[in-house]
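Here the structure is a predicted model, which is why all the values come from computation and not from measurement. Because only heavy atoms are used, hydrogens play no part in the values below, and waters and symmetry mates are left out as well, while side chains stay in.
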Amino acid sequence: MILVRAIRFYFRQQLRVMPGAVIGLLGAAGLLVLASLSLAVATHAADTEQEALRALRQSPRPPASASPAAASAAVPLPQFDSADFAHRFLGTARDVGLVTDEVGYTLETPPGQPYWRYRISLSVKTGYPQVRRFVAALASEMPFVALDAIRCTRENIGASALACELTFSAFFRRGEHG
């Protein structure tokens, strides 16, 4: 009790003699308390993240594919026949009312991979519903074909036709050219 009275006496005396220094000292003490609190919150957040990471590391993981060959065995890929594929691909486009302006094909045969990749790029001028129907039809009729990119532009806001660039990848079993 005597210590508290002594501190209060000296505090009041210093406040009368140098009020700016005492207020500055109190402000610095307040900032120190705030910094300590923010450090405690940050430490708690870091500990929580470490616990979550530890739990993720200890959780069972699904088995990863042993090799690309095992992954390709899960999806049956057709034998490569460029003429048949082009006929089926463009036939699907015609069936949904998609008129192609330009079509480009590129065969990629990556070494060491159990598949070939056939890239198809299309330029079309049509409406958005036809593009959607074409992509949906390809997904159902040719599950080995994937849409890589689509880019559509319109000449002006009132035009109904879109100029679209579509890029697909078709995957085939490695083998002889057809």
- Taking Q130 for its side chain and G127 for its backbone only, find out whether a donor-acceptor pair lies under 3.5 Å.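 The answer is yes, because a donor-acceptor pair under 3.5 Å joins these two groups.
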
Side chain proximity check, [X] to [Y], heavy atoms < 4.5 angstrom:
X    : Y    : answer
T126 : V131 : yes
V103 : L90  : yes
I120 : T167 : no
I150 : E165 : no
R174 : Y115 : no
W116 : L77  : no

- Near Y128 OH, under 6.0 Å, is it more than 12 heavy atoms from other residues, nucleotides or ligands?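 Atom OH in Y128 is not packed in, count stays at 12 or less.
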
- Hey, is CZ on R119 packed in by over 12 heavy atoms from elsewhere, all under 6.0 Å?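 Yes - once you tally the heavy atoms of other residues, nucleotides and ligands closer than 6.0 Å, there are more than 12.
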
- Task: Tell me, with the steps shown, if F168 and D148 meet side-chain contact (heavy atoms from CB on, under 4.5 Å).
- Result: CA-CA 5 Å; F168 295 90; D148 291 335; 5.6 Å; no

- Message: For F134, run the side chain to side chain contact (heavy atoms under 4.5 Å, CB included) check against D95, T100, L122 and tell me which one passes.
- Response: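 Answer after filtering D95, T100, L122: L122.
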
Measuring from atom [atom1] of [X] to atom [atom2] of [Y], what distance do you get when rounded to the nearest 0.5 angstrom?
X    : Y    : atom1 : atom2 : answer
T92  : R94  : OG1   : CZ    : 9.0 Å
F89  : D84  : CZ    : CG    : 13.5 Å
R173 : Q79  : CZ    : CD    : 4.5 Å
E155 : L162 : CD    : CG    : 10.5 Å
F9   : Q14  : CZ    : CD    : 10.0 Å
Q13  : M18  : CD    : CE    : 9.5 Å

- Kindly determine whether F85 and M142 satisfy side-chain contact (heavy atoms from CB on, under 4.5 Å), including the steps that lead there. CA-CA 10 Å; F85 174 75; M142 300 177 160; 4.0 Å; yes

- Do the two ring centres, one from F171 and one from Y118, sit under 6.0 Å apart?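 Aromatic pair excluded; centres sit 6.0 Å or further apart.
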
- Task: May I have the step-by-step check of side-chain contact (heavy atoms from CB on, under 4.5 Å) for V4 and I7, ending in yes or no?
- Result: CA-CA 5 Å; V4 172; I7 291 173; 5.9 Å; no

